[in-house]
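Working notes for the structure below.
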There are 2 protein chains.
Amino acid sequence: MPIEYGDFVRLEFTGKVKETGEVFDTTSEEVAIEAGLFVEQKQYGPIPIIVGGDHLLKAIDDAVVGLDEGDSKIIDVTPENGFGQRDAKLIQLVPMKEFKKQGMNPYPGMEVTAEGHTGRILTINGGRVKVDFNHHLAGKNLEYSVVVSKIIEDEEEKIKGMIQLHYAYPNLDINKTEIRIDGKKVSIKLDDITKYDQKSYMDITFARFRISKDIWENLDYEKVEFIDEFEKKEPEAETKEQTEEITIEGTPTEEITTEGTPTEEITAEEEPKTTTETPLESEE
Amino acid sequence: MPIEYGDFVRLEFTGKVKETGEVFDTTSEEVAIEAGLFVEQKQYGPIPIIVGGDHLLKAIDDAVVGLDEGDSKIIDVTPENGFGQRDAKLIQLVPMKEFKKQGMNPYPGMEVTAEGHTGRILTINGGRVKVDFNHHLAGKNLEYSVVVSKIIEDEEEKIKGMIQLHYAYPNLDINKTEIRIDGKKVSIKLDDITKYDQKSYMDITFARFRISKDIWENLDYEKVEFIDEFEKKEPEAETKEQTEEITIEGTPTEEITTEGTPTEEITAEEEPKTTTETPLESEE
């Protein structure tokens, strides 16, 4: 069955700048390594999307319609259909003193962020720093090679696909995620490890909202609920279990170190015993 | 009915240093303001605890047993029953250069934190800084005045009490929290505003764990689940609703600005970001 808008599929793709052949994005670990794009935390392999679901460039969605499982295609993307034309107004002169104020030492090629926009320093000249806030792929012709790795038919797999797409948590084991369907309601119990995510709850909420939105817009459900369950353990097992849950391997250290946590430098060898500040909170 | 261990109660209390009369903790907003302890984000009023549940000093739990609703009591707490005796080993000499290394300018009375322990600088002498890591109430006789504001009988109110105790989110409206009881399982749907908490998901998980543990250890349930629900809105209302949810009134600004979120100031990024720049993520 050829792909239609609204279908759930898994795609492999690699995007290149047409003129230079430079790879800028790929679902393949091998290609990523070769192109110097490899990121440890990223999960490689075909990505689950909804065709027409705005997960990739519209040009890719459109090109995929009509393909079948196993098909591949080369897609040419013009700047208009890609990341837009370059806009001269997005090249800005920033006084050097703005950088100095923040203890920064600008150099050409350095990436800077201002109000959520990422720019790249082009030149530095007489106390003025020229920053280009255009998307680095703006004005470029792109070429995507795409393979339809799978057309997802199974309802539960469709939902799991959306979880994987929107909830980019590298430790998530999708096979440990439980999906329960009850009429117009989908209940999702994610892999327990996700409970220890260091991201803010607000970020998690946005990811959950995106998952839910894709589910109710593209499948026949109206409610999506995420359930975190806590269960009484046998007295013997309880303490052990808890300790194991609290120390998680693979959690990045820099995320555990919070603001205000001092470095070890100030401390002497003798570790002072913790005492809670107020009697309100117990040690647990 | 006089209070027994395991009872859920609401207590008002004020803790003072016996020798000086200095108030160091209170559930009363008025007293807090008077003592200069007032904290904007804190919710004042009687706090819900389980007697013997380790939420307050054991000495307070013990003294409350046998009291009745409306009763009040003055409780004397010795250092042994309070925050311990002062320990000379917890007074440490730290070379001044350790502070300088971190761009800190120590002065007597300054609070410093090392490996999660808070200390107070006592003196500075010949390049050596004397830091006292004893709890500031160590070695002190304390006096708590306690009023049993309520003995909680209602099962749902007991659960809500534990939510309020462990989930200290100032925006939480406990009346918007739904509790559903089904056999041995308690389902909790918190006030929607909590979905936008800026705390890490891991912190939320620990709070939920503490709530669950108090519920299954003190009430007759074995499972506690927290449900976050996302519901399809009418097409018209949908976009509006979403926007409203994302901009929340009353959320403190400093909580919205997360690490890595660019401010209007210019921030350098050593490594180029992939996420927003690849076509993998839509703007949403």
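Proteins come first, then strands; the chains are lettered A, B, ... in the order of their sequence lines, and each starts at number 1.
When each of A:Glu225, A:Lys101, A:Lys184, A:Arg120 is checked for heavy-atom pairs under 4.5 Å with chain B, A:Glu225 comes out on top. Chain A forms more heavy-atom pairs under 4.5 Å with one residue of B:Ile204, B:Asp87, B:Ile188 than with any other, namely B:Ile204.
Within 6.0 Å of atom NZ in A:Lys189, more than 12 heavy atoms from other residues, nucleotides or ligands are found, so the atom counts as buried in its surroundings.
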> Run the side chain to side chain donor-acceptor pair (under 3.5 Å) check on A:Asp228 and B:Tyr201 step by step: do they pass?
Replying inline: CA-CA 11 Å; A:Asp228 281 7; B:Tyr201 198 41; 2.5 Å; yes
>> Test side chain to side chain contact (heavy atoms under 4.5 Å, CB included) on A:Lys223 and B:Lys232; report intermediate values, then the result.
In response: CA-CA 6 Å; A:Lys223 256 187 206 177; B:Lys232 186 175 189 168; over 6 Å; no
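For B:Asp182, there are no side chain to side chain donor-acceptor pair (under 3.5 Å) partners at least two apart in sequence or on another chain. Listed by chain and number, the residues in a salt bridge (Lys or Arg N to Asp or Glu O under 4.0 Å) with B:Lys16 amount to none (sequence neighbours excluded).
A donor-acceptor contact shorter than 3.5 Å links the side chain of B:Thr205 to the backbone of A:Lys195.
The OG atom of B:Ser200 sits 15.0 Å away from atom CE of A:Met202, with the distance rounded to the nearest 0.5 Å.
Heavy-atom distances place both the backbone and the side chain of A:Arg208 under 4.5 Å from chain B. Interface residue A:Ile227: backbone and side-chain heavy atoms are both found under 4.5 Å from chain B.
Taking the six-membered ring for Trp and thresholds of 30 and 60 degrees, B:Phe226 and A:Phe230 have ring planes more than 60 degrees apart, a perpendicular arrangement.
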